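The next block holds one structure in the form of structure tokens; read it before the comments.
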2 protein chains.
Amino acid sequence: MKETETSTHRSACPINVLLETLGDTWSLLIVRDMMFFGRRTYNEFLNAGEKIATNILSNRLHRLETVGIIEKRRDSTDARKYIYRLTDKGIDLAPMLVEIILWSARHEKTDAPPEVIEEMSANRDAYVSKIRENWRTSSQS
Amino acid sequence: MKETETSTHRSACPINVLLETLGDTWSLLIVRDMMFFGRRTYNEFLNAGEKIATNILSNRLHRLETVGIIEKRRDSTDARKYIYRLTDKGIDLAPMLVEIILWSARHEKTDAPPEVIEEMSANRDAYVSKIRENWRTSSQS
DNA sequence: CCGGATCCGTTTCGATACTG
DNA sequence: CAGTATCGAAACGGATCCGG
């Protein structure tokens, strides 16, 4: 047993609380891949351009499941596969991700399409609603 | 040389961009300490409850300065001291921090006062404006 | 005293090879 | 397909020392 839970109990400061669950290099990228790119299986995450190692991916998926941000199910059509989905708690990270994207777009060079940034910026709440709606309709499968 | 810059160049995805500058255990806590608790000197950060090591603190302050999130000045009254302040880019992290705080408050037990959460939640934009305003008036010293 | 650099043991991360 | 096992690399953290 190597990649087990790390229960570093700092304070209950809200920032700390989030850092404990998502404060590593990969967890947030996995959430992004699910929320914005619709990735849902182990191999889709593996081949997602960022080259995460298999043990790290495995560990982070377990952790995200443990803290209730994602859930794991068997594929209903292909019994060999697992499907990872965001829970409500996970989808609720959308406002934060949107703010991250907007901040990065304002202050650094990013590859986000300007028209998307424009849309997010003009009406954040509507954009978040759209993410939630997209999620609801697509996750029925 | 141990604690030098890590220029891991991933992609220009906005999420990655932020992770590269704030994606470690401490940087965001330092920003929080400045923004919400008004901490401004090396020793105020050191004794801020979370027990950061001196070498790590020193390294993170340099990094945050390098990426333009904070700036360092000599104290005008005590020449031995340095004052660290958020730049505009740093203060602009406020919307993101507010969303982090709100998410944590909704889904985990935190020590944030309920009335503050209430206020943030009811009108995020006004709250962010208030943070900016507080910052402008207090940083004249 | 203040800010910070250096040394060094410990913990965690991560790339690769391998497996049920 | 979805993971473990291994092992070197990097980050962390405590103690200590140093210049002003």
Side-chain angles (χ1 to χ4, degrees), chain A residues 1-11 16 19-30 33-34 39-66 70-85, chain B residues 1-11 16 19-30 33-34 39-66 70-85:
Chain A
M1 267 211 161
K2 272 290 184 59
E3 308 280 356
T4 27
E5 303 311 313
T6 46
S7 59
T8 33
H9 264 310
R10 298 164 173 286
S11 74
N16 262 330
L19 284 176
E20 277 176 27
T21 58
L22 295 169
D24 71 279
T25 315
W26 295 107
S27 298
L28 204 58
L29 294 180
I30 294 173
D33 282 347
M34 301 182 91
R39 299 201 175 102
R40 306 191 303 171
T41 66
Y42 190 89
N43 272 295
E44 284 174 0
F45 297 125
L46 257 194
N47 306 319
E50 253 100 17
K51 300 306 158 204
I52 183 172
T54 60
N55 56 342
I56 306 295
L57 175 58
S58 174
N59 176 254
R60 295 308 130 85
L61 288 173
H62 281 300
R63 277 184 16 185
L64 288 171
E65 193 184 358
T66 301
I70 68 175
E71 58 188 18
K72 179 184 185 177
R73 292 185 184 178
R74 272 192 190 283
D75 190 338
S76 51
T77 62
D78 185 347
R80 299 171 311 177
K81 283 187 176 178
Y82 291 103
I83 301 291
Y84 296 92
R85 299 169 59 242
Chain B
M1 266 216 164
K2 273 291 187 56
E3 309 279 357
T4 28
E5 303 311 314
T6 46
S7 60
T8 34
H9 263 311
R10 298 164 174 285
S11 72
N16 262 330
L19 284 176
E20 276 176 28
T21 57
L22 295 168
D24 70 278
T25 314
W26 296 108
S27 297
L28 203 57
L29 294 179
I30 294 173
D33 282 347
M34 301 182 92
R39 300 198 174 105
R40 306 191 303 171
T41 67
Y42 191 88
N43 271 296
E44 284 174 0
F45 297 125
L46 257 194
N47 306 319
E50 254 98 18
K51 300 306 160 207
I52 184 172
T54 62
N55 54 347
I56 306 293
L57 175 58
S58 175
N59 175 256
R60 293 309 128 87
L61 288 173
H62 282 299
R63 279 185 14 187
L64 287 172
E65 194 182 1
T66 301
I70 68 175
E71 58 188 19
K72 177 183 184 176
R73 291 184 185 177
R74 265 188 199 287
D75 190 338
S76 51
T77 62
D78 185 347
R80 298 171 311 175
K81 282 188 179 180
Y82 291 101
I83 301 291
Y84 296 93
R85 300 171 56 244

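Quantities reported herein were computed from a predicted structural model and do not represent experimental measurements. Order of the sequence lines sets the chain letters (A, B, ...), proteins ahead of strands, with each chain counted from 1.
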### Task
Tell me yes or no: between the side chains of A:Y82 and A:R73, is some donor less than 3.5 Å from an acceptor?
no
### Task
Decide side-chain contact (heavy atoms from CB on, under 4.5 Å) for B:T25 and A:L19; before the verdict, give the C-alpha distance in whole Å, the side-chain angles of both, and the deciding distance to 0.1 Å.
CA-CA 7 Å; B:T25 314; A:L19 284 176; 5.6 Å; no
### Message
Please give me the minimum heavy-atom distance between B:E71 and B:E65, naming the atom from each residue.
### Response
CA-CG, 4.5 Å
### Message
Please determine whether a side-chain nitrogen or oxygen atom of B:T25 lies at a distance below 4.0 Å from atom OP1 or OP2 of D:dA11.
### Response
no
### Query
Considering only side-chain heavy atoms of A:A53, which listed nucleotide, D:dG14, D:dT4, C:dG14, is closest?
C:dG14
#### Entry: A:W26 side chain near A:E50 side chain, heavy-atom distance below 4.5 Å
yes
### Query
So, do A:M34 and A:F45 sit near enough that their side-chain heavy atoms are less than 4.5 Å apart?
yes
### Query
What's the closest nucleotide to the B:R80 side chain, out of D:dC1, C:dG3, C:dC2?
C:dC2
### Rounded interatomic separation in angstrom, taking CG from A:D24 and P from C:dC13
7 Å
### Query
Please give, in whole Å, the distance from C:dC1 P to B:N43 CG?
11 Å
### Task
Measure from CZ on A:R74 to C1' on D:dG3 and round the result to the nearest Å.
13 Å
### Phosphate OP1/OP2 of D:dG13 contacted by B:W26 side-chain N/O (<4.0 Å)
yes
### Query
Would one find a side-chain N or O of B:R60 under 4.0 angstrom from OP1 or OP2 of D:dC12?
yes
## Note on the structure
Of the candidates D:dG3, C:dA5, C:dG14, the side chain of A:Y82 sits closest to D:dG3
### Task
Quick one: pull up CZ in A:R39 and CD1 in A:I83 and give me the separation to the nearest 0.5 Å.
14.0 Å
### Task
Using only side-chain N and O atoms of A:N55, determine if any of them is under 4.0 Å from OP1 or OP2 of C:dG14.
no
### Task
Would you indicate, yes or no, if C:dC2 has its OP1 or OP2 atom less than 4.0 angstrom from a side-chain nitrogen or oxygen of B:Y84?
no
### Query
Quick one: does B:L64's side chain get under 4.5 Å of B:S27's, heavy atoms only?
yes
### Query
If you check every side-chain atom of B:S58, which of C:dG14, C:dA5, D:dC1 has the closest atom?
C:dA5
### Task
Enumerate, in order of first residue number, the stems that involve DNA chain D, defined as 3 or more consecutive Watson-Crick or G-U wobble pairs with both distances under 3.5 Å.
C:1-20 with D:1-20
#### Entry: Interatomic distance where CZ belongs to B:R63 and P belongs to C:dA5 [whole Å]
14 Å
#### Entry: Rounded interatomic separation in angstrom, taking CG from A:N59 and C1' from D:dA2
14 Å
### C:dG4 OP1/OP2 closer than 4.0 Å to side-chain N/O of B:K72
yes
### Task
Check if the side chain of A:Y42 and the base of D:dG3 share a donor-acceptor pair of N or O atoms closer than 3.5 Å.
yes
### Message
What is the separation between atom CD1 on A:I70 and atom P on D:dA2, rounded to the nearest whole Å?
### Response
12 Å
#### Entry: N/O donor-acceptor pair, side chain A:T41 with base D:dA2, under 3.5 angstrom
no
### Task
Measure the distance from NZ on B:K81 to C1' on D:dG20 and round it to the nearest whole Å.
15 Å
#### Entry: Atom pair distance, as rounded to whole Å: CG in B:L57 and C1' in C:dC2
12 Å
### Task
Check whether any side-chain heavy atom of A:D24 sits under 4.5 Å from a side-chain heavy atom of A:I56, and report yes or no.
no
